[in-house]
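For the single chain, residues carry numbers from 1 onward in sequence order.
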Amino acid sequence: MASITITAIFGNSLVIAAVRRTRSLRTSSAILVVNLACVDLAVTIIIVPFVILTAANTSVWDETLPQEICKATGFMNAFLTAAQIMALLHISVNRFIAVAFPHSYEKLTKRFTMGTVFFGWLHSLFWTLMPFLGWGELGFVKGTLFCNILWSQELSFAVTVQVVCYFVPTAVAVVLYIGIYVNVRRQSKRAERAEKMRNKRRKILENRVTRTLLGVALAFAVCWFPRGVANLWALFAGRESVPRGLEYASTAFVFMNSSVNPILYGALHQDFNRAFRDILYCRTRVRRARSKSEDFSASVSMRPRV
């Protein structure tokens with residue numbers, strides 16, 4: 001977990017610095033990448049230290065730390081998880097519009113993108129604040145390594161938050177990604193027959209950007225899958241019946257997701273790769289901005305994703 005923490009903090013800080021420093025990355029779509037990096041950074045700094053502490057001493061919440069801290073970290077855990085899912089939903093919407101409605105996508109402004117990001121944070125905050133207002137309860141979840149919403153304490157709240165903050169955004173994102181995949185396949189075939197080389201190259205670049213961001217979603221699904229298995233086990237057999245190895249491993253995979261995205265950007269996206277190297281080698285050169293008509297997808301296009 002220590003190595004995951006260091007990698008996540010370093011990698012996501014590098015992503016934010018790269019967008020801030022590189023003009024070709026300062027676009028409306030990059031806002032979504034920075035938003036996800038901020039969420040991952042917050043998860044790593046705020047939640048992971050307490051997970052490590054609990055793993056070292058499972059009775060720490062009963063004997064050492066006050067319940068107020070547990071409730072605070074439980075709130076941040078639920079809030080940041082919801083914000084992470086909303087960030088991925090925003091990316092799926094952005095890519096779907098870019099692929100299915102390219103002309104409309106060109107009209108999207110940074111202000112509109114910032115508005116959607118703000119709405120995502122506000123939406124997550126509203127629902128996860130409810131336990132402080134008397135609906136739902138926060139505390140240490142027995143058999144796990146973290147504090148969170150106590151889902152079994154108030155069924156109406158548990159169902160509402162699960163549906164509104166987790167299931168619906170995830171389902172919408174899945175449907176959009178399926179639509180993206182279908183459109184990418186269709187446009188790839190059209191690009192092969194494109195008469196103008198410029199149009200063909202543009203379509204190829206858009207598809208590469210889309211595959212890169214699809215990779216981010218795929219990494220999220222892979223890292224959260226073990227957690228889903230553990231939660232299903234707990235649902236049918238009780239949380240304390242979940243093997244400790246599965247509980248620890250699934251928790252590590254969840255937080256490892258926060259360190260994966262920067263690696264993907266650097267490996268698959270040439271603009272990010274070059275920006276990372278400029279920062280690491282202390283190069284002061286600032287790359288020339290591309291034409292304002294080009295959006296982040298063209299800049300990201302430089303490297304295939306997944």
Side-chain angles (χ1 to χ4, degrees), residues 1-16 36-85 87 121 124-125 127-132 136-153 158 161 165-166 219-220 222-235 238-263:
M1 289 293 285
S3 60
I4 292 175
T5 302
I6 295 171
T7 303
I9 292 175
F10 177 76
N12 287 292
S13 298
L14 200 59
V15 169
I16 296 171
L36 184 57
C38 289
V39 176
D40 289 339
L41 198 57
V43 168
T44 305
I45 294 174
I46 299 174
I47 305 301
V48 173
F50 289 100
V51 171
I52 295 175
L53 186 62
T54 306
N57 179 11
T58 54
S59 61
V60 66
W61 295 110
D62 295 324
E63 301 175 355
T64 308
L65 296 179
Q67 286 302 303
E68 287 73 15
I69 295 180
C70 181
K71 290 182 179 180
T73 59
F75 158 71
M76 290 303 299
N77 192 2
F79 169 54
L80 292 174
T81 299
Q84 192 175 45
I85 292 174
W121 284 93
S124 303
L125 180 64
W127 290 106
T128 52
L129 269 177
M130 287 298 140
F132 294 108
E137 189 173 342
L138 296 163
F140 180 67
V141 182
K142 299 292 185 179
T144 71
L145 296 173
F146 45 79
C147 297
N148 203 335
I149 293 172
L150 298 177
W151 303 108
S152 61
Q153 295 300 313
V161 172
C165 292
Y166 305 128
F220 178 85
V222 170
C223 289
W224 276 83
F225 179 76
R227 185 78 238 162
V229 173
N231 287 341
L232 284 174
W233 192 314
L235 179 64
R239 176 63 65 179
E240 295 187 1
S241 69
V242 178
R244 178 162 295 187
L246 175 59
E247 181 64 41
Y248 282 27
S250 64
T251 301
F253 268 97
V254 165
F255 294 114
M256 184 176 69
N257 181 237
S258 297
S259 66
V260 169
N261 292 337
I263 297 174

Original post:
Could you go step by step and tell me if Cys38 and Ile16 meet the side chain to side chain contact (heavy atoms under 4.5 Å, CB included) rule?
Top reply: CA-CA 8 Å; Cys38 289; Ile16 296 171; 3.9 Å; yes
Between Val260 and Ala219, the two heavy atoms sitting closest are CG1-CB, 3.8 Å
The side-chain contact (heavy atoms from CB on, under 4.5 Å) partner of Phe75 among Leu125, Leu80, Ile149 is Leu125
Trace of the side chain to side chain contact (heavy atoms under 4.5 Å, CB included) decision for Phe146 with Thr73 = CA-CA 8 Å; Phe146 45 79; Thr73 59; over 6 Å; no
Should the heavy atoms of other residues, nucleotides or ligands under 6.0 Å from CZ of Phe225 be counted, would the total exceed 12?
no
Tell me, do Val15 and Asp40 make a side-chain contact under 4.5 Å, heavy atoms counted?
no
* Asked: Checking side chain to side chain contact (heavy atoms under 4.5 Å, CB included) for the pair Leu138/Leu150: CA distance, chi angles, key distance, verdict?
  -> CA-CA 5 Å; Leu138 296 163; Leu150 298 177; 5.9 Å; no
So, does Asn261 use its side chain to make a donor-acceptor pair with the main chain of Ala37 at under 3.5 Å? no
When every non-hydrogen atom of Asn12 is compared with those of Ser258, the smallest separation belongs to ND2-O, 2.7 Å
Backbone N/O of Ile4 and side chain of Thr7: donor-acceptor pair under 3.5 Å: no
Got a sec: does the CZ of Phe253 have more than 12 other heavy atoms crowding it under 6.0 Å? no
What I'd like to find out is whether the side chain of Val39 reaches to under 4.5 Å of the side chain of Trp121, using heavy atoms alone. yes
Checklist line | Step-by-step side chain to side chain contact (heavy atoms under 4.5 Å, CB included) determination, Phe50 to Asn77 | finding: CA-CA 11 Å; Phe50 289 100; Asn77 192 2; over 6 Å; no
When every non-hydrogen atom of Pro131 is compared with those of Glu137, the smallest separation belongs to CB-N, 4.1 Å
| task | With the side chain counted from C-beta on, respond yes when Phe10 and Pro262 share a heavy-atom pair under 4.5 Å apart, and no when they do not. | result | no
Heavy-atom closest pair (Leu246 atom, Pro226 atom, distance to 0.1 Å) is CD1-O, 4.3 Å
Measure the shortest side-chain to side-chain distance between Trp151 and Val141 over non-hydrogen atoms and say whether it is less than 4.5 angstrom.
no
Note: Ala82 and Cys165 closest approach over all heavy atoms is CB-CB, 4.1 Å
**Prompt:** Are Arg227 and Glu247 side-chain neighbours, meaning at least one heavy-atom pair lies under 4.5 Å?
**Reply:** yes
